[in-house]
A.B. asks: 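Following this message is one structure expressed as structure tokens.
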Amino acid sequence: MQNEVTSESHAKIIFLGEHSAVYKKPALVFPVPEVKVFTTISETSLTDHQIKSDYYSGPSLNLPTNMAGTNELIKKLDHLLNVDNLKFNIIIKSEIPLACGMGSSAATSASLIKAYFKFFNMPLADSKLNDLINFEEKITHGNPSGIDAKTVVSNTPILFENQKFSSFNFNMNGYIVISDSGVSSDTKIAVEKVHSELENNPSKVNDLINDLGNLVIQAKKSLTTNNIYNLGKLMNQAQQDLKNLNVSSPDIDKLTNIALKNGAIGAKLTGSGLGGCIIALTTDKRTATQVKDNLLKGGSPSVWIQSLAEMSK
Ligand SMILES: Nc1ncnc2c1ncn2[C@@H]1O[C@H](COP(=O)(O)OP(=O)(O)O)[C@@H](O)[C@H]1O
Ligand SMILES: C[C@@](O)(CCOP(=O)(O)O)CC(=O)O
């Protein structure tokens, strides 16, 4: 047993395939290693776990209902490691914006699970880690495709295809600009919205879901043949499909327009939409910086630049 341990995980962006992934269509998801979450655990003599985080600080007994996933995960870890009698200070420090489509919940869970196992010097198999993250994700997001859980612990892009996950490396020299709209996005609400759209208008919505899946297959080809301009076009088509699915928003549309006007070759929402973040693709760092500056001027509270090469080493 250690005195104090810290474990980390990182953010992710869905490059293409959000929402359609829920219906088992393919998706491409990239790690964002520069945006991290850290969880530190140490023992406390108090009678309850003491949580310190952006969402809530205080004893775990009073964790708010919107943190039910985290709460249940902590209980599960206590039980699994047979340590119900020990209480911890659990400090979660996150650079990942909350409810923004960058996988904050899955990444937080990953760092918490890793910290628990590290504290007790217990080995943690990748499959166990994945199961435990998805345990939390099901409580938090309802019916997750599982793509967040895989990518927040991966150093390489993840391809979800035929309901299987695999590493997908490529060799492309572009930049992704990630921009927060400042409006929170609730994954559960957005996923339910698409589900009710599907029930009300099955033919239109099925076509959109199929098209989003096909765009991923085309993107795979563009990435392996190093065709960045085609990749940008595919992003714009996906944004149009997502708009037609009614998961975009005026804030998202404003940011994608700013990105395209300032040199991006593609721009779309990432994650569940109805707020959250957008991603834009640029061919070079100078244009990425120009896009970033204009997104900040346009009202985005946070913008990150991530090189494609860094995401796929
Ligand atoms: N920084 C954080 N600190 C503590 N809990 C977090 C944090 N980020 C996410 N969570 C947990 O995940 C839940 C959903 O968070 P959210 O920000 O909506 O994630 P996502 O961006 O993955 O949709 C929160 O209610 C909380 O239980
Ligand atoms: C909408 C969806 O495809 C992605 C949601 O991503 P996020 O929770 O907004 O990071 C749902 C899922 O894949 O589980």
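Positions are given from 1, in the same order as the sequence printed here. We count ligands from 1, going down the list as the structure has it; atoms in each ligand are counted the same way.
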A.B. asks: Give me the residue, atom name and distance of the protein heavy atom closest to atom 3 (O) of ligand 2.
C.D. replies: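 So the nearest neighbour among protein heavy atoms is His19 N, 2.9 Å.
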A.B. asks: Under the 3.5 angstrom rule, does the side chain of Asn71 hit a backbone N or O of Met67 as a donor-acceptor pair?
C.D. replies: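 No, the answer is negative, given that no donor and acceptor are paired below the 3.5 Å cut-off.
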A.B. asks: Could you tell me, atom by atom, which parts of ligand 2 come under 4.0 Å of a heavy atom of Gly103?
C.D. replies: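 Counting from 1, the qualifying ligand atoms are 10 (O).
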A.B. asks: Is there a polar contact between ligand 1 and Thr140, counting only N or O atoms under 3.5 Å apart?
C.D. replies: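 No: no nitrogen or oxygen of Thr140 is under 3.5 Å from one in ligand 1.
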A.B. asks: For atom 19 (O) of ligand 1, what is the nearest protein heavy atom, given as residue, atom name and distance?
C.D. replies: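 Here the closest protein heavy atom is Ser105 N, 3.3 Å.
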A.B. asks: Give the residue and atom name of whichever protein heavy atom lies nearest to atom 4 (C) of ligand 2, and the separation in Å to one decimal.
C.D. replies: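 For atom 4 (C) of ligand 2, the nearest protein heavy atom is Ile14 CD1, 3.4 Å.
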A.B. asks: With sequence neighbours excluded, what pairs up with Ser249 under the side chain to side chain donor-acceptor pair (under 3.5 Å) test?
C.D. replies: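 Ser249 satisfies side chain to side chain donor-acceptor pair (under 3.5 Å) with no other residue.
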A.B. asks: Got a sec, which pairs hit salt bridge (charged side-chain N to carboxylate O under 4.0 Å, His left out) with one end in residues 4-19, sequence neighbours left out?
C.D. replies: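 Counting only pairs at least two positions apart or across chains, the salt bridge (charged side-chain N to carboxylate O under 4.0 Å, His left out) contacts touching residues 4-19 are Glu8-Lys36, Lys12-Asp148, Glu18-Lys268.
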A.B. asks: Could you tell me, atom by atom, which parts of ligand 2 come under 4.0 Å of a heavy atom of Lys12?
C.D. replies: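 What qualifies from ligand 2 is 6 (O), 7 (P), 10 (O).
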A.B. asks: Return the closest protein heavy atom for atom 5 (N) of ligand 1 as residue, atom name and distance.
C.D. replies: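 Nearest protein contact, heavy atoms only, for atom 5 (N) of ligand 1 is Met67 CE, 3.5 Å.
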A.B. asks: Return yes or no for this condition: an N or O of Ser185 is under 3.5 Å from an N or O of ligand 1.
C.D. replies: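 No, there is no polar N/O contact under 3.5 Å.
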A.B. asks: What is the nearest protein non-hydrogen atom to atom 2 (C) of ligand 1, stated with its residue, atom name and distance?
C.D. replies: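 In this structure, atom 2 (C) of ligand 1 has Tyr55 CD1, 3.8 Å as its nearest protein heavy atom.
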A.B. asks: So, for Pro59 and Asp48, which heavy atoms are closest and what is the spacing to 0.1 Å?
C.D. replies: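 Minimum heavy-atom separation between Pro59 and Asp48: CB-OD2, 3.4 Å.
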A.B. asks: Taking both backbone and side-chain atoms of Ser104, is any N or O found less than 3.5 Å from an N or O belonging to ligand 1?
C.D. replies: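 Yes, Ser104 has an N/O under 3.5 Å of an N/O on ligand 1.
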A.B. asks: Quick one: look up the protein heavy atom nearest atom 25 (O) of ligand 1 and list residue, atom name and how far away it is.
C.D. replies: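 In this structure, atom 25 (O) of ligand 1 has Asn66 O, 2.5 Å as its nearest protein heavy atom.
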A.B. asks: Go through the steps to decide whether Lys76 and Glu72 satisfy the test salt bridge (Lys or Arg N to Asp or Glu O under 4.0 Å), and finish with yes or no.
C.D. replies: CA-CA 6 Å; Lys76 190 169 179 81; Glu72 291 305 317; over 6 Å; no
A.B. asks: Considering non-hydrogen atoms only, spot the tightest contact between Ser105 and Thr140 and give its length.
C.D. replies: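 Ser105 and Thr140 have their closest heavy atoms at CB-CG2, 4.4 Å.
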A.B. asks: Just distances here: any N/O of Ala106 and N/O of ligand 1 closer than 3.5 Å?
C.D. replies: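 It does not: no N or O of Ala106 is found under 3.5 Å from an N or O of ligand 1.
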A.B. asks: Report the nearest protein non-hydrogen atom to atom 11 (C) of ligand 2: residue, atom name, distance rounded to 0.1 Å.
C.D. replies: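 Nearest protein contact, heavy atoms only, for atom 11 (C) of ligand 2 is Val22 CG2, 3.6 Å.
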A.B. asks: Can you list the ligand 1 atoms lying under 4.0 Å from a non-hydrogen atom of Gly103?
C.D. replies: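 Per the distance check, 22 (O).
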A.B. asks: In the protein, what heavy atom is nearest to atom 11 (C) of ligand 1, and what distance, to one decimal place, separates them?
C.D. replies: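 I find the closest protein heavy atom is Thr70 OG1, 3.4 Å.
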A.B. asks: For atom 5 (C) of ligand 2, find the nearest protein heavy atom and state the residue, atom name and distance (0.1 Å precision).
C.D. replies: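 The closest heavy atom on the protein side is Thr187 CG2, 3.7 Å.
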A.B. asks: Is it true that atom CG of Asn3 has more than 12 heavy atoms of other residues, nucleotides or ligands lying nearer than 6.0 Å?
C.D. replies: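 No, the 6.0 Å shell around CG holds no more than 12 heavy atoms from other groups.
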